[in-house]
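For reference, the structure discussed in these notes is given below.
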Protein chains: 2
Amino acid sequence: MPETDGSALVDDLAARIRAKIMSGEIPIGAPLRQADLAAQFGISRTPVREALRQLQTGGLIEVVPNRGAVVRVPVPWEVREAYEVRAELESLAAKRAVDRLDDATIAELRAVNTAMYERSVALAAGAAPEHDGTANDQFHGLIYEASANTRLTRMLGEINDAFPRNVSALVLRDSARHREENFREHEALLEAFAAGDGVLAADLMRQHVLRAGEHLAHWYERRSSTVFTG
Amino acid sequence: MPETDGSALVDDLAARIRAKIMSGEIPIGAPLRQADLAAQFGISRTPVREALRQLQTGGLIEVVPNRGAVVRVPVPWEVREAYEVRAELESLAAKRAVDRLDDATIAELRAVNTAMYERSVALAAGAAPEHDGTANDQFHGLIYEASANTRLTRMLGEINDAFPRNVSALVLRDSARHREENFREHEALLEAFAAGDGVLAADLMRQHVLRAGEHLAHWYERRSSTVFTG
DNA sequence: GACCTTGTGATTGGATCCAATTATGGGCCC
DNA sequence: GGGCCCATAATTGGATCCAATCACAAGGTC
């Protein structure tokens, strides 16, 4: 998240590496060698170092002095902690958005939500997984934007970038039930938006995010148990 | 805020530069030349660049490509935005802390608060200003810690580091009234803690932070008007 | 045979070098 | 005399070089 501008190259680089991690192309726990990344992007190690440091401050990777960087392995309780915070922030975003959402944006939110749902149905039928999460992120992102608080938007972006939400795997895991639930919770939220009920929207959003966090934490729990002990 | 470890030198450097900015030694709007900083700390420009980038992602400084970095000039609405977020986060911290605070910590909080108050009285009598804010930060920091949520603690630290709260100036400005108010709000909060009333504590904290944010925003408003137009 | 020691390889961290970009000043033209 | 243009200085950005640190392995000693 290039807050200001900074060097375009380094920020782009950080974004690209982050994307590779988020998508799972660079898996959790994998080492990130500066020389490799530099060669891979056809540049010197200098900007790579700065990009890695940027990712490090975001908490996505871990840098051990003189030892190198690895993609951080999130522990389930960290996910729960983060989502407890995120729930509060998204709740605030929802409350603020209620007073600012126009009908067009609500319609857009509806469209995004149904599109996401329909795609999930197609996915259950065996369609290509193709980086999902974008639809969900888009839905929430529209609300961030509508909240009209740049700091809030920024901090939510930061928390969402905190650990890889290797979404395709998630999607496959709890396809039917979770998707249905997600869709319905979004719909309920939209109704609260349309009704202009800020208190309800804030509460629904809080619960929605907490539930999503629980799902993600479960996923990481499952993952760590299969990888490390099984 | 060295989340993990990273290079000790760069993180220390970032912390030291940040401290200089926070204390007002490097004033708002001042340019930060890499060569100067390097010479000043007796090192090369390389770590300085990384430290500056770290500060940039925190939003404390602004980096214009090929033009250099300047200490960011906060606009009052940014302060309000940030404090609206901070209020929500501190509220959550207070709520969580209620269930976790032991009597010893509550006593410590009380001690810190009264010490801060007494010092403010001495200050009004003409004592040395000496970097204040530490007491207030200590008070809130103890609550962060008691909330036992590392992510929450980290994000609060981040938001508190977002713009210079050149506290000595603030202290001088609204010495009597604001200090009294601050002390009493802390006391009320402590009572809620002692009573184990999480809802009340959360609400008191939210209002307390919002008020503090208003004070800070006012200060920046006043400052910008005197500096830029007067 | 196990443990400690030492040497070597790999990788990061810091310093220096060079290129690219931009502000600034002087000179020229209108 | 004012405005435009070009040259130069200053500063950042990227590349390369060298030192420092750490892991790992081989050899020696008890």
Side-chain angles (χ1 to χ4, degrees), chain A residues 1-21 26-73 228, chain B residues 1-21 26-73 228:
Chain A
M1 203 166 316
E3 130 88 332
T4 66
D5 22 323
S7 164
L9 199 159
V10 174
D11 283 335
D12 279 8
L13 192 57
R16 277 207 271 179
I17 297 175
R18 194 204 318 275
K20 277 181 193 290
I21 295 173
I26 300 179
I28 296 174
L32 296 167
R33 265 164 315 184
Q34 297 178 359
D36 286 0
L37 291 170
Q40 184 173 344
F41 288 102
I43 53 178
S44 105
R45 265 180 49 214
T46 311
V48 173
R49 279 164 61 174
E50 298 188 26
L52 287 182
R53 187 164 295 280
Q54 207 155 319
L55 295 179
Q56 182 218 344
T57 66
L60 189 61
I61 69 173
E62 193 166 4
V63 178
V64 191
N66 293 319
R67 287 280 319 261
V70 295
V71 180
R72 208 151 174 292
V73 181
F228 296 136
Chain B
M1 203 166 316
E3 130 88 331
T4 65
D5 22 320
S7 163
L9 200 161
V10 174
D11 283 335
D12 279 9
L13 192 56
R16 277 206 271 178
I17 297 175
R18 194 203 318 272
K20 277 180 191 292
I21 295 174
I26 300 179
I28 296 174
L32 297 167
R33 265 165 316 189
Q34 297 177 0
D36 287 1
L37 290 170
Q40 184 174 345
F41 289 103
I43 53 177
S44 109
R45 267 179 48 217
T46 311
V48 173
R49 280 165 60 174
E50 298 187 26
L52 287 182
R53 186 164 298 280
Q54 207 156 320
L55 294 180
Q56 181 218 344
T57 66
L60 189 62
I61 69 175
E62 192 165 5
V63 178
V64 192
N66 291 318
R67 288 277 323 255
V70 296
V71 180
R72 209 153 175 292
V73 181
F228 296 137

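Letters A, B, ... are given to chains in the order of the sequence lines, protein chains preceding strands, and every chain is numbered from 1.
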Exercise. Taking only side-chain nitrogens and oxygens of B/Ser44, does any of them come within less than 4.0 Å of OP1 or OP2 of C/dA15?
Worked result: yes
Problem set entry | Whole-Å distance separating the CD atom of B/Glu50 from the P atom of D/dG14 | 12 Å
Exercise. Over how many whole Å does the gap from B/Leu13 atom CG to C/dG13 atom P extend?
Worked result: 14 Å
For this session: Show your working on side-chain contact (heavy atoms from CB on, under 4.5 Å) between B/Leu32 and B/Leu55 and close with a plain yes or no.
Result: CA-CA 11 Å; B/Leu32 297 167; B/Leu55 294 180; 5.6 Å; no
Problem set entry | Atom pair distance, as rounded to whole Å: CD in A/Gln56 and P in C/dT12 | 13 Å
For this session: Please name the pair of heavy atoms, one in A/Pro47 and one in A/Val10, separated by the smallest distance, quoted to 0.1 Å.
Result: CB-CG2, 4.0 Å
Exercise. Rounded to whole angstrom units, what separation is found between the CD1 atom of A/Ile43 and the P atom of D/dT16?
Worked result: 11 Å
Exercise. Do you know which two heavy atoms are closest between A/Arg72 and A/Gly59, and how far apart they sit?
Worked result: CD-O, 3.4 Å
Exercise. Out of A/Gln34, A/Arg33, A/Gln40, which one pairs with A/Asp36 under the side-chain hydrogen bond (donor to acceptor under 3.5 Å, both in side chains) rule?
Worked result: A/Arg33
Problem set entry | Donor-acceptor pair present, A/Arg49 side chain and C/dG14 base, under 3.5 Å | yes
Exercise. What closest approach, in Å, do A/Leu52 and A/Ile61 show between heavy atoms, and which atom pair accounts for it?
Worked result: O-CD1, 3.4 Å
Problem set entry | side chain to side chain contact (heavy atoms under 4.5 Å, CB included) involving A/Ala19 - partner list, sequence neighbours excluded | none
Each nucleotide N or O in nucleotides 18-25 of chain C that has a protein N or O under 3.5 Å away: list the pair and distance.
unit_1, atom_1, unit_2, atom_2, d
C/dA23, OP1, B/Arg67, NH1, 2.5

Problem set entry | Rounded interatomic separation in angstrom, taking CG from A/Leu9 and P from D/dT12 | 18 Å
Problem set entry | Minimum heavy-atom distance B/Leu60-B/Arg18, with the two atoms named | CD2-CG, 3.6 Å
Problem set entry | Residues touching DNA chain D, which here means a heavy atom under 4.0 Å, drawn from residues 31-42 of chain A | none
Exercise. If you look at every heavy atom in B/Ala69 and B/Val63, which pair is closest and at what distance?
Worked result: CB-CG2, 3.9 Å
